[in-house]
Protein chains: 2
Amino acid sequence: MKNTNNTVYQLDPLDKEIIYMLMDNSKSSLAYISKQVGISTTAVHQRIKKLEQAGVIENSISFLNPRKIGYKVVSYIGIFLDQPSHYNEVVKSLKEVNEVVEAHYTTGNYTIFIKVLCKDNDHLMQILSKLQKLKGVTRTETFISLEQSISRQLKV
Amino acid sequence: MKNTNNTVYQLDPLDKEIIYMLMDNSKSSLAYISKQVGISTTAVHQRIKKLEQAGVIENSISFLNPRKIGYKVVSYIGIFLDQPSHYNEVVKSLKEVNEVVEAHYTTGNYTIFIKVLCKDNDHLMQILSKLQKLKGVTRTETFISLEQSISRQLKV
DNA sequence: AATGAAAACCCCTCTTT
DNA sequence: AAAGAGGGGTTTTCATT
């Protein structure tokens with residue numbers, strides 16, 4: 001069941017300690033967390049369950065390292081649409097392109113802003129030409145990431 | 001030990017099935033995966049271990065949902081530097097700003113491109129004014145995400 | 001909300017093919 | 001590369017405060 005309400009969950013210091021450990025490694029055992037934060041394993045378990053039910057902690061996932069399977073190029077692409085009304089249609093097309101891993105409807109220069117993973121620059125060129133053929137797309141602007149110097153989650 | 005070589009790991013269909021299950025939920029048990037893909041738990045275990053050692057599967061982490069703790073605004077900011085040589089210094093400063101969750105050194109219009117999470121627009125304004133005071137930063141351009149329509153990992 | 005104890009489940013190793 | 005069996009650890013529930 002998806003939690004949809006908009007109330008802000010108040011984290012106490014123990015919650016934060018627990019969450020940061022899970023954000024670092026979701027397989028941290030209850031026994032290990034328990035030792036670090038100084039409460040029983042059952043108490044840790046209860047807090048995690050509560051945080052999960054509230055939707056504060058989302059499902060844990062494993063990461064596939066794109067580089068290891070030959071995807072070396074990270075880029076961001078701003079997309080200009082002739083009419084914002086084409087947004088839904090374009091997003092639908094974008095969902096069918098596996099290389100697109102994020103898409104945002106944005107304020108500012110672009111209508112749509114996406115993150116794309118490619119094997120190399122040739123591959124990126126193919127994706128760009130595919131994007132430019134989509135109905136409603138007038139122009140794109142590409143930023144290739146030469147180095148990702150920060151990649152982390154929010155700490156509060 | 002970090003795997004640093006650049007060979008491309010060849011995934012067979014079983015590897016892919018297993019990886020996609022773990023990318024969806026890193027806590028999928030070996031017994032469950034075993035049932036889905038039709039090989040023994042031991043075989044699944046051996047494959048996962050191999051994929052982890054090769055660095056194809058990276059550590060699993062839990063996600064904190066920023067919205068649930070009051071962070072409602074997702075934005076991307078392009079940063080112009082007067083000299084690229086200020087890059088390292090600026091990144092160092094950016095690392096001290098918790099709201100910055102990604103930073104890239106990019107080709108194209110901007111020198112640095114970042115992703116920022118904020119509570120609201122006022123909060124974003126504060127971050128922007130903080131960024132504009134950093135030495136070497138001449139100008140910034142902001143894209144606020146009104147809706148994230150795609151958020152996923154790479155599928156190959 | 002927190003605790004200890006017990007049950008159920010799971011990971012991981014070992015042995016074998 | 002894959003399978004079954006067993007020991008040790010982990011999650012989960014239960015009763016209690």
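Predicted model, so just to flag it, every value in this text is computed and none were measured. Convention: sequence-line order gives letters A, B, ...; per-chain numbering from 1.
With B:Thr107 contributing its side chain and A:Ile144 its backbone, the two residues share a donor-acceptor pair below 3.5 Å. Looking at B:Gln153, its side chain does come within 3.5 Å of a backbone N or O of A:Leu64 through a donor-acceptor pair. Looking only at distances, a side-chain donor or acceptor of A:Ser34 sits under 3.5 Å from a matching main-chain atom of A:Ile39.
Here C:dA1 presents its P atom at 11 Å from CG of A:Leu51, a figure rounded to the nearest Å. The distance between atom CG of B:Asp12 and atom C1' of D:dA2, rounded to the nearest whole Å, is 13 Å. Between the OH atom of A:Tyr32 and the P atom of D:dT11 there is a distance of 14 Å, rounded to whole Å. Rounded to an integer number of Å, the gap from NZ of A:Lys35 to C1' of D:dG9 is 12 Å.
The overall bend of the helix from C:dA1-D:dT17 to C:dT17-D:dA1, read as the angle between its terminal helix axes built from five base pairs each, is 20° when rounded to 10 degrees.
The list of ring-ring contact (aromatic ring centres under 6.0 Å, His included) pairs with a residue in residues 33-57 of chain A, not counting sequence neighbours, is empty. Applying the salt bridge (Lys or Arg N to Asp or Glu O under 4.0 Å) definition to pairs two or more places apart or across chains, those involving residues 140-156 of chain A are A:Arg139-A:Glu141. Residue pairs satisfying the salt bridge (Lys or Arg N to Asp or Glu O under 4.0 Å) criterion with at least one member in residues 13-41 of chain A, sequence neighbours excluded, are listed as follows: A:Asp15-A:Arg47.
Every residue two or more places apart in sequence or in another chain was checked for a salt bridge (charged side-chain N to carboxylate O under 4.0 Å, His left out) with A:Asp122, and none qualifies.
Nucleic acid contact class of B:Ile33 (heavy atoms, under 4.0 Å, all strands): none.
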Using a cut-off of 4.0 Å between protein heavy atoms and nucleotide atoms, how would you tag nucleotides 5-17 of chain C 5' to 3' with B, S and -?
B-----SSBB---
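In summary, the side chains of B:Thr142 and B:Ser75 do not present any donor paired with an acceptor at a separation below 3.5 Å, with no hydrogens or angles considered.
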